[in-house]
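Only this structure's heavy atoms are used, side chains among them; waters, hydrogens and symmetry mates stay out. Every chain is numbered from 1, with letters handed out A, B, ... down the list of sequences.
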Number of protein chains: 6
Amino acid sequence: MWAYEKRLQYPINIKKKNLKMAKLLVTQYGGSNGELAAALRYLNQRYTMPDDKGRALLTDIGTEELAHVEMIQTMINQLLKDASFEELKNAGLDSHYAEHKNALYPTDANGVPFTVTYFATTGNPLADLMEDMAAEEKARAVYENLIDLAEDEDIIAPLLWLRQREVVHFNRFKSLYEEYKNKGY
Amino acid sequence: MWAYEKRLQYPINIKKKNLKMAKLLVTQYGGSNGELAAALRYLNQRYTMPDDKGRALLTDIGTEELAHVEMIQTMINQLLKDASFEELKNAGLDSHYAEHKNALYPTDANGVPFTVTYFATTGNPLADLMEDMAAEEKARAVYENLIDLAEDEDIIAPLLWLRQREVVHFNRFKSLYEEYKNKGY
Amino acid sequence: MWAYEKRLQYPINIKKKNLKMAKLLVTQYGGSNGELAAALRYLNQRYTMPDDKGRALLTDIGTEELAHVEMIQTMINQLLKDASFEELKNAGLDSHYAEHKNALYPTDANGVPFTVTYFATTGNPLADLMEDMAAEEKARAVYENLIDLAEDEDIIAPLLWLRQREVVHFNRFKSLYEEYKNKGY
Amino acid sequence: MWAYEKRLQYPINIKKKNLKMAKLLVTQYGGSNGELAAALRYLNQRYTMPDDKGRALLTDIGTEELAHVEMIQTMINQLLKDASFEELKNAGLDSHYAEHKNALYPTDANGVPFTVTYFATTGNPLADLMEDMAAEEKARAVYENLIDLAEDEDIIAPLLWLRQREVVHFNRFKSLYEEYKNKGY
Amino acid sequence: MWAYEKRLQYPINIKKKNLKMAKLLVTQYGGSNGELAAALRYLNQRYTMPDDKGRALLTDIGTEELAHVEMIQTMINQLLKDASFEELKNAGLDSHYAEHKNALYPTDANGVPFTVTYFATTGNPLADLMEDMAAEEKARAVYENLIDLAEDEDIIAPLLWLRQREVVHFNRFKSLYEEYKNKGY
Amino acid sequence: MWAYEKRLQYPINIKKKNLKMAKLLVTQYGGSNGELAAALRYLNQRYTMPDDKGRALLTDIGTEELAHVEMIQTMINQLLKDASFEELKNAGLDSHYAEHKNALYPTDANGVPFTVTYFATTGNPLADLMEDMAAEEKARAVYENLIDLAEDEDIIAPLLWLRQREVVHFNRFKSLYEEYKNKGY
């Protein structure tokens, strides 16, 4: 089980409105390579890792990805919450306003709702860890695309930090993959 | 952010194999009225509750639902993990074995993958809380169906406990709904 | 069975083109909280209401929601039908034109096709009626968002009328829910 | 708008339980070639038929398909409503029971929820009518498959009648298609 | 099996950037009436055509549709590949950039991912061929919509050629349909 | 473009009926880790590989995966084509018969239709190649599960051969990944 701590893993404090950026950031919430897909993938796969070390690693990274979901949610919320409907309309977010007003919803950047078909679990530790490595690489690539599109330091700083976490996770998964490969799984 | 505590909210200890039950329980993991839908719904909606009390309530219940997801995952895992593929085959879980071996995957009881279209967020606190009350009622009804289908006390006891939690959550949402209604939201 | 009457439940007569509004209104046709979801939900659930009164109520409201679908379709059609492809293009409806020309299609405001995963049926009368109450509240909220976004009286008047019908339906469902609760279902 | 008449277009009176047949019949409710897809397709496409005759034909057949949806719903309901959960379990409908108890839900025969991606609308009258002709042919083929699978006259008789209606609709669509083709649409 | 020939079925050589057109053309790649749906539909249905002639026709047209997929992919790639992210942003393709950078992805014009629910296979040769005729008509209609929206000859010429191929395929399917109908299938 | 050669990449000749196996094999046709997902993934990603070598590799392997799709289709067809509807019914394939008779359809082993959300394309060559490596590992794992479930040598032999091809592809992708990593992409 999890205990909630009322703080973000990395501080978010966006002072300048940028509604278009909200529409793009959402892909790291509900898109195919986003944080929610990562969290659910690892917390789902952990049960069939072959030893305690593997189960602990997936639980640990899965739990951290939940914190990343919260960071992305907070960024989107800060970008949306004080916007008048006129501003949302002018930023091309009128379809968002029609359905969700100023609220969040887990979709990709085109508004397609999140689905777990974005990840797979085969029960084979090598295949599942390779999928996890790929997930981290894809999330890193999407963070790089978002950093290209952002201009505000308040947005760029947490994105850079999140991108770096994907690299750390990739290396941890790779190290376990190699250990399991050597053990002949 | 969340800190993981290495214990379940309520103990799970299933001693007797029942693979068919695993196939049914999964609906409370990845089905339309299940725990994952509940957790993601509340953690998504909390940002547009109109005051701290509302945000805290949705964070609190959302966090507890994550613990319920873990309980259901653990039940399914205990039912699947030691099963030979012959046993999985005989229990009609050969399609599960083909794709996931002994691993988990968040679907409904027919194998349809989880999607967030199972819940909505309108940004209107009364509409969102009424949807949450409905979610709790629907989850309660599904627990009652599963309890009908179960025969093993090791399965029934946690299901009864989880069912009871839905009733508690329903009442907490109802109380907030009425408070907000009186305040004229 | 149903007999078609060649008139709308409430008159629609939009004289001023507003193609952007067509793109938003579609959410009440094929979106998660829209009229089609409502109609199909009630006409599906009616079979397991526990008495004639419940079955009649769901049939009655379900039939009215079909008439609301037709009103929304007519509004969208009046907004789209005489538009040249240049006008559709300039209003950002070129992706609509590419696929559907001036025709209708049941999607949400982002173009995501309608799916029945937007509603649930548990077979438990209290859970199903609570879901129906939530559906009415969510549809009301979406009508309020659309009324915010609209400027033309020819659009606003039917939306206000439809919003009011959701309130009426909510109260009818609530009254039956309470009756069934008292009866101990 | 539509007025509900409290009778079925063709009488349904199934006296012998056959739960497996309920699981198959559902494809004509929520499957890709079923009655719901047909009703929504025609009622959606009618707005862009080029003349009153075309609009009236699609409204007329669309309205009849709603009555066919109700017939299929009634058949499934008669097959499910008095079944104990033990009977549902023994007939392999335990996953249905877990989620829906004895209630209905619009899916295909594998339990995949209905989606409007099963039909298209291009706004081109010839293309849309050809799609409608194909829809009638496909529904006819599925009725023939279901008749092969059925053994009870109470089930076979309405299926034969419904199959015949598809042939009638096909011919009406074909005739309009040819008229429009000759007119140079 | 297939041997790849390193040339396009019809030459593509787009010299003028038009990023908005890329966003529309994608519907003939991953949309409901597009080339990928056609290729997979025919290559899937061919196994249950009743004779060698039918199987050969569906294999032949299915193989050609794969070449059409490649033509559309090439058009989209030529329109996207040299675009800076600033240009993609200005053309409203920032959501595409966030997720896919300059790469392709099979969706409809709204960004909804491709699904095989866009086509059906009943195993009945007449129903399946009628569906194929409808598919060709719908693809033709979409090409006509795209030609309306295009202004560049380098884009229009291959679209006109592709449109013409749909007419040829329609006639080949129609001829086989009539032959099979006469044979009493 | 592709030229069709009327032979399979590896011979399929299944002499003994095994309808249950048909239901499982389909996951390598339309499931998340199957051959169709692989073929479409590589043929989609090839356009943004940074050099001719990369584009050629993805075209080559993508083309081979089309041949694997055909092999799996042929296996399923040989298992289904001569089966009477009684046999299909007894093997639990009555829901397949209802919708598709003896024909094929690209789904996973639960009957969920294929969708391209099973794969991603980021436009980043390292992320895309890592996803391809993961795809090969996951397909290998699923082949191993299917080989466990199979008993007939006529089925096992092509599955072993296909499994081996996944290993070869994995190594080719890995080698290109490392080359690109060294080049600093």
Would you please indicate yes or no on a ring centroid separation below 6.0 angstrom for E:Phe119 and F:Tyr105? yes
Go through E:Tyr47 and F:Thr74 one step at a time and tell me if the side-chain contact (heavy atoms from CB on, under 4.5 Å) criterion holds. CA-CA 8 Å; E:Tyr47 293 93; F:Thr74 302; 3.7 Å; yes
Chain F contacts, top residue of E:Gln73, E:Lys81, E:Gln45 (heavy-atom pairs, under 4.5 Å): E:Gln73
Between atom CG of E:Asn124 and atom CG of F:Asn102, what is the distance when rounded to the nearest 0.5 Å? 11.5 Å
Most heavy-atom pairs under 4.5 Å with chain F, out of E:Asn77, E:Val69, E:Leu43, belong to E:Asn77
Counting only non-hydrogen atoms closer than 4.5 Å, does E:Arg46 touch chain F with its backbone (N, CA, C, O), its side chain (CB onward), both, or neither? side chain
What part of E:Ala120 is in contact with chain F, defined as an atom under 4.5 angstrom from a non-hydrogen atom: side chain, backbone, both or neither? backbone
Output the option from F:Thr59, F:Thr107, F:Val116 having the highest count of non-hydrogen pairs under 4.5 Å with chain E. F:Val116
Closest heavy-atom contact between E:Ala103 and F:Gly123? CB-CA, 3.6 Å
Worked check of side-chain contact (heavy atoms from CB on, under 4.5 Å) between E:Leu36 and F:Leu40: CA-CA 9 Å; E:Leu36 182 56; F:Leu40 299 184; 3.6 Å; yes
Walk me through whether F:Thr115 and E:Thr117 qualify under side-chain contact (heavy atoms from CB on, under 4.5 Å). CA-CA 8 Å; F:Thr115 153; E:Thr117 53; over 6 Å; no
Could you look at F:Glu99 and say if it's the side chain, the backbone, both or neither that has a heavy atom under 4.5 Å from chain E? backbone
Selection from F:Leu66, F:Thr121, F:Thr63 maximising heavy-atom pairs under 4.5 Å formed with chain E: F:Thr121
May I ask you to decide if E:Leu104's main-chain N or O and F:Asn44's side chain share a donor-acceptor pair within less than 3.5 Å? yes
Report the distance from atom CD of F:Gln9 to atom CE of E:Met1, rounding to the nearest 0.5 Å. 5.0 Å
Of F:Lys101, F:Arg7, F:Met71, the largest count of non-hydrogen pairs under 4.5 angstrom with chain E goes to F:Arg7
Go through the atoms of F:Thr48 and report whether side chain, backbone, both or neither lie under 4.5 Å from a heavy atom of chain E. side chain
N/O donor-acceptor pair under 3.5 Å between F:His100 side chain and E:Thr122 backbone: no
